[in-house]
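Below is one structure; the comments refer to it alone.
Letters go in sequence order (proteins before strands), and every chain restarts at 1.
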Amino acid sequence: MSRPVVVTGVGLLSPLGNSVEEFQHARLQARPSLRHVDWLELQGKPARLAARLKHEPVSVLGTERNLRPLDRISQMATAAVALALQDAGLTTRASLEEPIGLVLGTTFSGVRTIAEFDRRGLERGPAHVSPFDFANTVINAAAGQAAIWHGLSGLNSTLCAGPAAGLQALGYAADLIRSGQAEVLLAGGADELSAETYAGFEQAGWLNGALGRACAVPFSRQRDGFAPSEGAAFLVLEERTRALARGARILAELAGFGCAYDAGRGDDERRGAAALARAIEAALGDAGLDAQQIDALGCGASGSPRFDALEAQALTLALAARAREVPATAVKSAVGEALGASGVFQIVDLLAALAGGPLAGVTSLLEPDATIELQLVTDARSAKVARALVTANGFDGGCAALVVARAA
Amino acid sequence: MTERVVVTGIGAVTPVGRGPCAFWAALLEGRLGYGPVRSFDTERHPAHVGAEVHDFDGRSAVRRLDPALLGRASLFAIDAAVQAVTDAGLELDEHDRQHSGVVMGTTSGEPREVERYNDDLRAGRGAHAGRALATRYPCHVLAGHVASELEFEGPVSVVPNACAAGNFAIAHAADLLRRGRARVMLAGGADAFSRITYTGFARLGAIAPERCQPFDRGRKGMIPGEGAAVLVLESFSRARRRGARIYAEVVGAGFACDAHHMTAAHPEGAGAARAMELALAQSGLSADAVDYVSAHGTGTPTNDRLETIAVRRVFGARSRQVPISSVKSMIGHTMGAASAIEAAVCALAIHEGVVPGTMNLNERDPDCDLDCIPNAARDLRVRRAMSNAYAFGGNNASLILASCEA
């Protein structure tokens, strides 16, 4: 790779907290954040396990500046960007004068705002909708609001690819840096849990409880649907030479990326597994690695009966015996399915192990599904991890894989 | 730059015509594609005109998926994609399709699913409402539906970057080809006429009462529209090997964010100018090399004035000579489809040697002292065309297409 891409900062708002330390600590303590969410019962829907942010974004953004133009998803994205810039040491005026770009992966973006805007128009009449709200009804509003707040003048793009959106946003950003089209990019994603997204998942039969067991534990024999969640999370990506020159702390390297699409969207097992396997092979090829050089797996499994199985099959297809030899974890056991934010959550979950520390396990995994041929980690344990593979697939057919390597 | 990326197929669904030939003929004729809104009741709105696609039956284009499960924007997208694949004479085997992908742009995706959900809530059907919000609404479905229908299983994503989304989609798809991540890419944009979008623009007072008149002194606003366009992109070597007709080459793109205001452009057109300059730099061209500019040209008083300032910043003294037109004068503002449709216009202009005019231009605004190609198409040899697109969020995107001399 001519221009290696490194991670120099992390910012996240998650159900486990708003700092990497808090997040990792909770993970190593196997502390789940999933609980029965009552407020959704008001919408006439049954309660399922779900997860919400531990701290609202105002705790990061403060109240000095006017938050009114920003809806909640915009606040979440803006706050996570603030934390990421701070973590990377890019908050000085000089550093913000160069064009920093933003790539935001999402599945629903501001659907709550869009629906509320429409309801207001219906109830009070078109003259009574708010122009502020209208600005937030475009799907890229959160990325735009974060750019305005922080003065990010580089490429500003939102990207949607279902549960693979976060990883695809990272891959898109890494390619822009490698090809010399950008120097510094924030990449990751955001999604908000709302009555609208909850109603959609619940009616589609994708949530835990679909089979009456209320088990959202990835790879569990009892799993019967995912736990809907939310979050905003970004990595600061830079070209390595440049990061070294400014004395930045390098957390990891994004060594390779691949993506593919399952045209059967999960209906055909072989086809679905083959699609994610192609993404994994592309990521390994991109990184110039073979399966033997992968030391850990950060799975996107969420508790979905179908897609967890497809992911495990894909890993076996692409990595052969190596898939059973290396430890595998699944962060959604603790944070739920946060869609756009999930990709960065999966990577942050591996940073401790990549730095020589322990690897967090699959929280609450008491009865592993015997058909899953992976070495699932249940309790946090030490692991020698120089390179980890992160994967994502899911209900829209999108598949992505990323190789994350220890900072050289 | 490793591989040259070329356009070999075009598909379009627009308020003035469906299919690359019909749509192009209508634009050269100067046909206007708007009238009283039919999609919903505008009685309580201050505006009543829209650029809708009438008599559209997208179901005929759908063979593999169940059309009853697809939203209107997805049907537009699939129709345009099938047209583009046919136009390109593409014949892909299973292995090719596994390495071919789709990138679509949009402003709102499938907003009618949200509208239907709200209608259900208001009708007391809330307990069972919302399934489509998970299955038919999420922002990824436009590209996903096209990819599922055509069984393209390579890189698939939606870049919902509002009214600049088409340019983002085309540039991203071209990058995927250059990096060897795909063999063939479909790239474009789609949006369906929406109560939500219309209400919002009406509230901003941005909708023209009768006609869209970009660059005219008396211009009164934009006209919301709908439609889709999809381009087939592949490497030059592949296109030549299979003897494909090449419309144009994608030579560069530039992106810059104003980081200034959600719905208002930068007062000096800074981001817009920077996007054009970055696109020229990536193309290795100077502004003098550009033969035609497809304007964002929405017809709002502010947009056209600021776009002129930005064009002046980039083209200098030549800004009065470089021909520039806005097809939005005819098809309205088709939102996330707009810059995809305008990229198709640039590709056709390069290939056909003629450019569409800016219609409804009675008296040019002195603040817009450009060669706006008033009121009629013009024969013009176009070797290099620039297409500008600006969006909510201060997003600016410029794309450059060039004739493809081997």
At a 4.5 Å cut-off on heavy atoms, which part of [X] comes close to chain A: side chain, backbone, both, or neither?
| X | value |
| --- | --- |
| B:Ala202 | neither |
| B:His260 | backbone |
| B:Ser194 | neither |
| B:Leu204 | side chain |
| B:Glu149 | neither |
| B:Asp258 | neither |

Looking at [options], which has the largest count of heavy-atom pairs under 4.5 Å with chain B?
| options | answer |
| --- | --- |
| A:Gly121, A:Gly162, A:Ser157 | A:Ser157 |
| A:Ala135, A:Ala161, A:Ser153, A:Cys259 | A:Ser153 |
| A:Val138, A:Leu102, A:Val103 | A:Val138 |
| A:Gly105, A:Gly397, A:Ala127, A:Gly285 | A:Ala127 |
| A:Leu122, A:Thr107, A:Thr137 | A:Leu122 |
| A:Gly154, A:Gly151, A:Gly205 | A:Gly154 |

Is it the side chain or the backbone of [X] that comes within 4.5 Å of chain B heavy atoms, both, or neither?
| X | answer |
| --- | --- |
| A:Phe132 | neither |
| A:Phe117 | side chain |
| A:Trp206 | side chain |
| A:Arg119 | both |
| A:Gln168 | side chain |
| A:Ala204 | both |
| A:Leu176 | side chain |

> Does A:Arg68 CZ have over 12 foreign heavy atoms under 6.0 Å away?
Replying inline: no
Quick one: does [X]'s side chain have a donor or acceptor within less than 3.5 Å of a partner on [Y]'s backbone?
| X | Y | answer |
| --- | --- | --- |
| A:Glu196 | B:Gly130 | no |
| A:Tyr261 | B:Phe152 | no |
| A:Asp118 | B:Arg195 | no |
| A:Arg278 | B:Glu153 | yes |

With the side chain counted from C-beta on, respond yes when [X] and [Y] share a heavy-atom pair under 4.5 Å apart, and no when they do not.
| X | Y | value |
| --- | --- | --- |
| B:Pro138 | A:Cys160 | no |
| B:Arg274 | A:Pro99 | yes |
| A:Asn140 | B:Asn395 | yes |
| B:Leu133 | A:Thr197 | no |
| A:Asp286 | B:Arg181 | yes |
| A:Asp133 | B:Arg203 | no |

>> As a quick check of understanding, evaluate side chain to side chain contact (heavy atoms under 4.5 Å, CB included) for A:His128 and B:Arg44, giving each step before the final call.
In response: CA-CA 11 Å; A:His128 296 275; B:Arg44 294 202 292 168; over 6 Å; no
> With under 30° as parallel and over 60° as perpendicular, where do the rings of A:Phe134 and B:Phe392 fit, or are they tilted in between?
Replying inline: perpendicular
Which of the residues [options] is involved in the greatest number of heavy-atom pairs with chain A at under 4.5 angstrom?
| options | result |
| --- | --- |
| B:Val103, B:Leu278, B:Ile196, B:Asn161 | B:Asn161 |
| B:Gly154, B:Gly393, B:Pro155 | B:Gly154 |
| B:Val158, B:Thr42, B:Asp119, B:Thr135 | B:Val158 |
| B:Thr107, B:Thr263, B:Leu65 | B:Thr107 |

>> Within the 3.5 Å criterion, strictly below it, is a donor on B:Arg178 or A:Ser179 matched to an acceptor on the partner's side chain?
In response: no
Between [X] and [Y], which heavy-atom pair has the shortest distance, and what is it?
| X | Y | result |
| --- | --- | --- |
| A:Glu123 | B:Arg122 | CG-NH1, 3.3 Å |
| B:Asn118 | A:Ala115 | ND2-O, 3.0 Å |
| B:Ala129 | A:Ala199 | O-CB, 4.0 Å |

>> Within this structure, what is the CD1-CE distance for the pair A:Ile148 and B:Met262, rounded to the nearest 0.5 Å?
In response: 5.5 Å
> Hey, what do you get for CZ (A:Phe108) to NE2 (B:His140), rounding to the nearest 0.5 Å?
Replying inline: 7.0 Å
>> Can you tell me which residue among A:Asp396, A:Leu159, A:Ile139 is in a side-chain contact (heavy atoms from CB on, under 4.5 Å) with B:Cys139?
In response: A:Ile139
> side chain to side chain contact (heavy atoms under 4.5 Å, CB included) between A:Ile114 and B:Tyr137: does it pass, once the steps are laid out?
Replying inline: CA-CA 12 Å; A:Ile114 297 166; B:Tyr137 169 73; 3.5 Å; yes
